[in-house]
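Notes to accompany the following structure.
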Amino acid sequence: MPLAQNPLSVEVELPREDVALITVDGYLDVDTATEFQAHLANQLHHGRRHFLLDLSSVPFMDSSGMNIILRVYQETRGNAGSVHVIGPTPAVRRILDLTGVSITVPISESVDEALARVDETPDTPGEPGAEGA
């Protein structure tokens, strides 16, 4: 019964119409990743382009969580959107750094910092010169 021992809590707030703040609490692993993915997919379905992922209460994340973050990053790039990780715990930050995800997905220390980065995101899909160069 790993879910009973390590439940995942996911809360969604909308600081702006096209921005979803997803606050995750608990272990983000193979047993709980489906719930996390369902919340992200729901927000994509409702037209959110920018995702702020607050991982400050995630003591552990495996490759399942990391892959979901990368998947939503790929989805948002096609819609001139962005993904930002907020306040990862040291263990999660280490995984993001070791795998290079922190190079692709910006890491912020606060919601305000992440929102400021959203404001810097270009309103055109993809990154200049990234395709067909």
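Side chains are part of it too, since the values below use all heavy atoms of this structure and drop only hydrogens, waters and symmetry mates. No experiment lies behind these values; they were computed from the predicted model shown. Position 1 is the first residue of the sequence, and the numbers go up from there.
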Mind checking whether [X] and [Y] have side chains closer than 4.5 Å, heavy atoms only?
X    : Y   : result
M66  : T99 : yes
P106 : V85 : no
T89  : P59 : no
D29  : F60 : yes
E13  : L52 : no
L14  : L21 : no
D62  : V30 : yes
V10  : E35 : yes

Once you round to the nearest 0.5 Å, how far does [atom1] of [X] lie from [atom2] of [Y]?
X   : Y    : atom1 : atom2 : value
L28 : I69  : CG    : CD1   : 6.5 Å
E17 : R48  : CD    : CZ    : 7.0 Å
L55 : I95  : CG    : CD1   : 12.5 Å
Q43 : L40  : CD    : CG    : 8.0 Å
Y73 : T104 : OH    : OG1   : 5.5 Å
S64 : F36  : OG    : CZ    : 11.5 Å

Determine whether M61 and L96 satisfy the following criterion, side-chain contact (heavy atoms from CB on, under 4.5 Å), listing intermediate values before the conclusion. CA-CA 9 Å; M61 179 177 73; L96 296 172; 3.7 Å; yes
Does [X] reach the main-chain N or O of [Y] with its side chain, forming a donor-acceptor pair under 3.5 Å?
X   : Y    : result
S9  : D25  : no
N67 : S63  : yes
N79 : G81  : no
D54 : V111 : no

Regarding S82 and H50, do their side chains bring together a donor and an acceptor under 3.5 Å, going by distance alone?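 The answer is yes; a qualifying pair exists.
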Taking CZ in R94 as the centre, count heavy atoms belonging to other residues, nucleotides or ligands within less than 6.0 Å. Is the count above 12?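 Incorrect, the count does not exceed 12.
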Does Q74, at its CD atom, have more than 12 non-hydrogen atoms belonging to other residues, nucleotides or ligands within less than 6.0 Å?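 Counting neighbours around CD of Q74, more than 12 heavy atoms of other residues, nucleotides or ligands fall under 6.0 Å, so yes.
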So L44 and F51, side-chain contact (heavy atoms from CB on, under 4.5 Å) or not? Walk me through it. CA-CA 9 Å; L44 280 166; F51 290 81; 3.7 Å; yes
query = Is there a path from I86 to L53 through hydrophobic residues (I, L, V, M, F, W, Y) whose side chains come within less than 4.5 Å of each other?
reply =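 Hydrophobic grouping puts I86 apart from L53.
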Path from V58 to V105 over hydrophobic side-chain contacts below 4.5 Å
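Yes, V58 connects to V105 through the hydrophobic network.
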field: Cationic N near anionic O, under 4.0 Å, R49 to D18
entry: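 Yes.
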Inset, instruction - May I ask you to say whether E113 pairs ionically with R117, meaning some side-chain N is under 4.0 Å from a carboxylate O? - result: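 Looking at R117 together with E113, the answer is yes, because their closest N to O distance falls below 4.0 Å.
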With V83, the side-chain contact (heavy atoms from CB on, under 4.5 Å) member among L70, I22, T76
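Only match with V83 under side-chain contact (heavy atoms from CB on, under 4.5 Å): T76.
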* Take V118 and H84, measure what side-chain contact (heavy atoms from CB on, under 4.5 Å) needs, and give me the verdict at the end. => CA-CA 8 Å; V118 166; H84 305 268; 3.6 Å; yes
Exercise for review: Taking all non-hydrogen atoms of both residues into account, name the closest pair between I107 and S102 and its distance.
Suggested key: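 Closest approach of I107 to S102: CD1-CB, 3.4 Å.
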